[in-house]
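When reading the values below, keep in mind they use all heavy atoms of this one structure, side chains included, and skip hydrogens, waters and symmetry mates. Just so you know, these numbers come straight off a predicted model, no measurement behind them. Proteins come first, then strands; the chains are lettered A, B, ... in the order of their sequence lines, and each starts at number 1.
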Amino acid sequence: MTDRWALAPAEDGGVDVAPLGPDGLPAGPVRRESDLAGAVRSRPEVTRWVWRSTAEVYPRLLATGVRVERCYDIEDAETLLLGHEGRYGEPRSAAAALARLRGGPVPPDPPQRAAEPGAQSPLFEPAGAHLPLPDLLAVYTEQQRRHQEAAHPDRMRLLTAAESAGMLVAAEMNRSGLPWSAEVHRALLHELLGERYAGGGEPRRLAELADEVSAAFGRRVRPDLPADVVRAFAQAGIKVKSTRRWEIESVDHPAVAPLLEYKKLYRIWVAHGWSWLQDWVRDGRFRPEFLAGGTVTGRWVTNGGGGLQIPKVIRRAVVADPGWRLVVADADQMEPRVLAAISRDAGLMEVAGRDSDLYQSVSDRAFSGDREEAKIAVLGAVYGQTSGDGLKNLAALRRRFPKAVAYVDEAARAGEEGRLVRTWLGRTCPPAAGSGEDTAEEAGIPGGEEEPEGRSGWVPGYASTDSRARGRFARNFVVQGSAADWALLLLAALRRALWDMAAELVFFQHDEVIVHCPAQEAEAVVQAIRDSAALAGRLTFGDTPVRFPFTAAVVECYADAK
DNA sequence: GCCGGATGCGCC
DNA sequence: AAAGGGCGCATCCGGC
């Protein structure tokens, strides 16, 4: 039995609240209270708060020590519902939703603002930030109806609820931050890069490597300028199209080794060096701003600090507080397990129904024991590989796991034809950018020109480069996106499991979580993660034999986890 | 001087 | 061995 209330901050700093009945309709008069946190704190019986924007409300609650069990984020639901209805790109604010409901002019969404180092997320106030509570409730009621119209209403309700839960998790992680030792980080930088020189130039080791590169070429070369490097190789009689690592590393030339080393260390210097430390680490915590559902597939992103791209070597600086531990857990072979669950392929479900190494099992069945071959084939099928060994082995995969391969093939075909493609729970891939619609391309979807007349149907081998790109995108979308669906449920379940513990979720990266907890809680946390993964599997995908095992490590330092 | 695109690489 | 999917971000470069 959930006790649902709605809440809307008012312009004068007060807050309006109203109880909702079991049907989600207002079940009592709107009440004005003077204080947001007080209004929530004084109603501990409320299990779900309905509000416009979690990012607006929840950080303010957390700042006063108030957590909520569940919420419903109206603007996030609006985004998901619009996508599901094939109306990607329409303004997603509550004010816009109200205007569509009432037939008024629809206000455009405000532009997104980039994060600044250390900014405590005093989010912009979009149009309609103070939509009166009755208006907000009108939008909410209409959204309830729209859920009913979805392809799978139950799944759609689960999706909006899960992403709202994800937003609570994100806000809490933004507040807690990832334990970070600036001291260890500085020692690491000194060890890797050498001394910093006054004036902000390259540190010693980079300067030395640049000199080695120049010496190898017999002239001054700036290794950080790709054009300069390509020219230098050309003068040495070696044609390279770019200076990407995979292209350079096969070249036989004395400059290659110092060049690759330079690029590796240069990366660390500019992206995770001293100025990064200065900008992003405060009071022993790294605080990237996590954004749930920041991508079209539902994967999260972080704003600022490159929070989801912490290089392996730098993880040495992620250190638990004294007496505390980091529980680092990542899902084993998440993508093929998700593919098994969504395709219901009997063979792949059987393989995914065991905790043991899935790629090895696939390989035993279809690739005579070569695990790497099996892994490449599976990932190639999911990513839409167009050449190489993966393609060659796709045929073997197709024979053994026909429904699984057919599932992603069908998604690719739908994508090429510009049809809607959905994750298991109903997150919807934007259609291709076509005439008059540029929103899909803004969202990163491969677009391009309209297909020529008479060729819009899907014909193997005759699709344009653009439509093939859209096919690959859609193929990957159903797997990556359904994995993101599952991950949201995992986070929601884990958050509940940790509710009464000192343990804190401090990091989430697609298929990996880090929980910071007192040492004596660590084993319970590991169990909570395994239980939550299983629960998430059942809730997301229903009754399947597919299992979602985790590799978990209890460590004091992130770098020791693998 | 601002801005968008290209390049390249970190993570999954 | 070859180059499929999703991102963020720093830097350079050319256009205005």
**Asked** Hey, are the side chains of A/Phe508 and A/Leu488 touching, using non-hydrogen atoms and a 4.5 Å cut-off?
**Response** no

Measure [atom1]/[X] against [atom2]/[N] and give the value in whole Å, please.
{"X": "A/Asp370", "N": "C/dA1", "atom1": "CG", "atom2": "P", "answer": "14 Å"}
{"X": "A/Ile248", "N": "C/dA2", "atom1": "CD1", "atom2": "P", "answer": "15 Å"}
{"X": "A/Arg427", "N": "C/dG6", "atom1": "CZ", "atom2": "P", "answer": "15 Å"}
{"X": "A/Arg468", "N": "C/dA3", "atom1": "CZ", "atom2": "C1'", "answer": "16 Å"}
{"X": "A/Ile314", "N": "C/dC9", "atom1": "CD1", "atom2": "P", "answer": "17 Å"}
{"X": "A/Ile376", "N": "C/dA3", "atom1": "CD1", "atom2": "P", "answer": "13 Å"}
{"X": "A/His272", "N": "C/dA10", "atom1": "NE2", "atom2": "P", "answer": "9 Å"}
{"X": "A/Ile268", "N": "C/dA10", "atom1": "CD1", "atom2": "P", "answer": "15 Å"}

**Asked** So, the side chain of A/Tyr88 versus the backbone of A/Thr428: is there a donor-acceptor pair under 3.5 Å, distance only?
**Response** yes

**Request:** Mark yes or no for whether A/Gln480, through its side chain, and A/Thr297, through its backbone, hold a donor-acceptor pair below 3.5 Å.
**Result:** no

**Prompt:** Contact class for A/Phe508 (heavy atom, under 4.0 Å): base, sugar-phosphate, or nothing?
**Reply:** nothing

**Request:** Looking at every strand, decide which applies to A/Gly305 at a 4.0 Å heavy-atom threshold: base, sugar-phosphate, or nothing.
**Result:** sugar-phosphate

**Request:** Between A/Gly307 and A/Glu249, name the one whose nearest nucleotide on DNA chain C is closer to the 5' end.
**Result:** A/Glu249

**Fill in**
Sorted by position of nearest nucleotide on DNA chain C, 5' first, the leading residue of A/Leu225 and A/Val301 is A/Val301

**Prompt:** Going 5' to 3' along nucleotides 7-12 of chain B, which nucleotides have protein heavy atoms under 4.0 Å from the base (write B), which only from the sugar-phosphate (write S), and which from neither (write -)?
**Reply:** -BBBSB

**Prompt:** If you measure from the Lys or Arg side-chain nitrogens to the Asp or Glu carboxylate oxygens, is any gap between A/Arg337 and A/Asp355 under 4.0 Å?
**Reply:** no

**Message:** Assess the residue pair A/His516 and A/Phe507 against the criterion (ring pair (Phe, Tyr, Trp, His ring centres under 6.0 Å)); give the C-alpha distance rounded to whole Å, side-chain angles, the decisive distance to 0.1 Å, and a yes or no.
**Reply:** CA-CA 9 Å; A/His516 186 223; A/Phe507 191 70; over 10 Å; no

**Message:** What I want to check is whether the side chains of A/Asp73 and A/Thr54 have a donor and an acceptor closer together than 3.5 Å.
**Reply:** yes

**Message:** Please identify which of these residues, A/Val555, A/Leu505, A/Ile514, A/Ile529, meets the side chain to side chain contact (heavy atoms under 4.5 Å, CB included) condition with A/Val327.
**Reply:** A/Ile529

